[in-house]
2 protein chains.
Amino acid sequence: MRIGELSARTGVPAATIKYYVREGLLPGGERISHNQVRYGEEHVRRLRLVRALVETGSLPIAKVREVLAEIEEPDRDLDGTLGVVAGALSAHWEPPQGPKAEDVETAHAIMERQGWHRVNPGIPQINVLADVIGRLRLLGMDDMVDRIDQYARAAETVAEADLRLLFTRDDRDEILETMIVGTVLGDALLSALRRIAQVEISGRTFNAREGEPDGTAKG
Amino acid sequence: MRIGELSARTGVPAATIKYYVREGLLPGGERISHNQVRYGEEHVRRLRLVRALVETGSLPIAKVREVLAEIEEPDRDLDGTLGVVAGALSAHWEPPQGPKAEDVETAHAIMERQGWHRVNPGIPQINVLADVIGRLRLLGMDDMVDRIDQYARAAETVAEADLRLLFTRDDRDEILETMIVGTVLGDALLSALRRIAQVEISGRTFNAREGEPDGTAKG
DNA sequence: TACTATCGATAGTGTTACTCTCAATAAGGA
DNA sequence: TCCTTATTGAGAGTAACACTATCGATAGTA
């Protein structure tokens, strides 16, 4: 198909498709002649993946490129790839200053209590964790810091589900795509579900009597 | 204190503080004379809150203003406020087109199976949920859609923890701040913890033998 | 032969979140 | 008192980002 059809099928403007090709998010099509290029189904699929990461996952273009590069990289094992993907996805913001040693220590203590002994204690996610801990403390919410273990347990059950899904795939590229999609769209999914569940539970608690549902948002 | 000290104590440049005041994220200080304004501890605290939302939560300035406006709004009950806060935080992204009816239906079915009967089925989070479902289907990952119930259960246990924390507060402003911080920083926390747990479990699974920990990210 | 579609490259646009500059004061030390 | 630094609000300027528009030269197609 030509660019017009690719655009029509994905809803992405042709100019944007050209931009993605230039930026290396989408492989160029097969060159037919001086000004003709042919695209295939794999371009449709890749384009949908890119749009999911950009629109729903809010990943900057540079991160998308970085993450997708892993798909083209054949000689890395899946465990290592998960590390790279997770790492790339953690820090779309650079910590202004590194977190305080005290907060990093708290983060390590949490991991210790969860029995998470296999992860390299230097991975960038630890800094995100320490950053959040530091900010909670600055805001005087030390009691929330004390409850992070509860969140960690929930995160572990989610991660187990993530990995189980991964094991249902056997093709390498499918595993990688599932990893990327599962991580990025999974975050969006979890935060939406958490907000809905908060409203539900809040409704149950504050309006404990029977009656029509509550939890009205914005009118 | 004057703006220089406020800047020094929070690490936020004075020009940025002025900008936040102009944008209504931070109340102006007490006017002392023509070109002197005095700030207090409440400004330090508010500034830290704003920075947590902007830097760690990646909220756009306009959303921060919207969410903070709820703190100044005295005549709304906590249940309603949670709805507003959750709603404001869901959609820092506008859906390009509305999600397909089929996907919204799937979202409702998930909520039905969770027993989430109290939430208004029209809240914006449903659209986020439906959007993710639609994209998963376009990517051929229907089996992931089938597993959303597992995520929903995890989200519910997290939301229960969120609400329990809220109940330890008695001052209204503290409750609201905890709600905002808990929701926004909680998202960052959960995604970091999920990534760490993924690496941990992946390490356990792929390198099942004993030895030094694995899950190296990027060297 | 018209007319539309396409090519890649480069320039331009709109948004966001700051950051700089200014002249008129005010504060604080020598 | 003098001198240096800090502060005020307002408006202009900036840097990054993600597109989007324009171009002349072709290619496909009624």
Open item on the list: Categorize A:Arg31 for me: base, sugar-phosphate, or nothing, with a 4.0 angstrom heavy-atom threshold over every strand shown.
Closed with: sugar-phosphate
Check [Y] with [X], please: is the shortest side-chain N to carboxylate O separation under 4.0 Å?
X       : Y        : value
A:Glu55 : B:Arg135 : yes
B:Arg45 : B:Glu174 : no
A:Glu41 : A:Arg9   : yes
B:Arg2  : B:Glu5   : no

Residues 12-24 of chain A side chain polar contacts: donor-acceptor under 3.5 Å, at least two apart:
| unit_1 | atom_1 | unit_2 | atom_2 | d |
| --- | --- | --- | --- | --- |
| A:Tyr20 | OH | A:Arg51 | NH1 | 2.8 |
| A:Glu23 | OE1 | A:Arg65 | NH1 | 3.3 |

Open item on the list: Just so I know, are the side chains of B:Leu176 and B:Glu70 near enough to count as touching, which here means a heavy-atom distance under 4.5 Å?
Closed with: no
Open item on the list: What does the B/S/- profile of nucleotides 16-30 of chain C look like, 5' to 3', with a 4.0 Å heavy-atom cutoff to protein?
Closed with: -BBB----BBSS---
Task: Sidechain-backbone polar pair: A:Arg46 side chain, A:Leu25 backbone, donor-acceptor under 3.5 Å - done: yes
Task: Nucleotide interval of DNA chain D bounded by contacts with chain B (heavy-atom cut-off, under 4.0 Å) - done: D:dT7 to D:dG11
Task: B:Glu105 CD: over 12 foreign heavy atoms closer than 6.0 Å - done: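 Result for CD/B:Glu105: open.
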